[in-house]
Amino acid sequence: MKKPENNTENKKPTLNWIDDQFAVSGVRNYSDSCCFFNLYMKSAVGSVAIYGCKVVSGKNGDFIAFPSSAYESDGKKGYKDHASVIFDNGMQSKIIKAVGEAIK
């Protein structure tokens, strides 16, 4: 594999880690009820990045939706997530707050 040239496209974003557990970057508003962002989390094996996450305003409040693809099977349509995270102890609320602050 050829080593990539050292240019601006290969630079990693500077991350501001929150609670030394997660960071968000690339926050962009899509509509009044949805914004996209990238989520970075620290794990035992290193940092994990999930690109294309969304904060969606639903009828029961805001929630995080992970990247997904539409599918159709046996006449039924739906979405299948590419990644999923089970958050501990209010972590989802902290992430939603961090995304909201990054939009302002």
Side-chain angles (χ1 to χ4, degrees):
M1 174 194 248
K2 182 180 175 186
K3 182 177 178 180
E5 294 179 25
N6 192 10
N7 61 30
T8 56
E9 292 179 20
N10 293 326
K11 290 187 179 178
K12 295 180 181 175
T14 302
L15 300 175
N16 295 319
W17 291 94
I18 299 168
D19 291 346
D20 200 36
Q21 295 178 339
F22 73 92
V24 296
S25 75
V27 178
R28 56 201 185 284
N29 232 3
Y30 181 73
S31 69
D32 288 341
S33 62
C34 178
C35 67
F36 287 87
F37 69 99
N38 301 321
L39 177 63
Y40 301 84
M41 298 172 293
K42 292 188 177 181
S43 74
V45 296
S47 296
V48 175
I50 303 176
Y51 301 102
C53 299
K54 297 179 278 193
V55 171
V56 180
S57 295
K59 63 182 178 185
N60 295 323
D62 294 344
F63 64 94
I64 296 174
F66 290 96
S68 60
S69 296
Y71 73 90
E72 185 172 347
S73 178
D74 297 328
K76 296 179 182 178
K77 295 181 180 181
Y79 290 90
K80 186 166 204 135
D81 288 344
H82 295 258
S84 183
V85 177
I86 299 169
F87 295 109
D88 292 337
N89 302 329
M91 187 58 67
Q92 179 167 307
S93 297
K94 289 180 181 182
I95 294 168
I96 291 170
K97 181 180 177 187
V99 170
E101 290 172 356
I103 293 174
K104 296 177 183 177

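None of these values were measured; they are calculated from a predicted model.
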Please check if any side-chain donor atom of S69 sits under 3.5 Å from a side-chain acceptor atom of H82, or the reverse. yes
Please check if the number of heavy atoms outside F63 that lie under 6.0 Å from its CZ is greater than 12. yes
Can you tell me if CG on D19 sees more than 12 non-hydrogen neighbours from other groups inside 6.0 Å? yes
Look up atom CZ in F36 and atom OG in S31, then write down how far apart they are to the nearest 0.5 Å. 8.5 Å
Can you find a heavy atom in the side chain of K42 that is under 4.5 Å from one in the side chain of F22? no
Hey, can you tell me if F87 and F66 have their rings parallel, tilted or perpendicular (30° and 60° cut-offs)? parallel
Please name the residue in the list I64, V55, I86 that meets the side chain to side chain contact (heavy atoms under 4.5 Å, CB included) test with Q92. I64
Counting C-beta onward and ignoring hydrogens, is there a side-chain heavy-atom pair between Y40 and S25 closer than 4.5 Å? yes
Calculate, to the nearest 0.5 Å, the distance between atoms CD and CE belonging to Q21 and M91 respectively. 3.5 Å
Is atom CG of N16 surrounded by more than 12 heavy atoms (other residues, nucleotides or ligands) closer than 6.0 Å? no
What is the distance from atom CD of E101 to atom CD1 of I103, rounded to the nearest 0.5 Å? 10.5 Å
Go through the steps for N38 and I50 under the test side-chain contact (heavy atoms from CB on, under 4.5 Å), then give the verdict. CA-CA 6 Å; N38 301 321; I50 303 176; over 6 Å; no
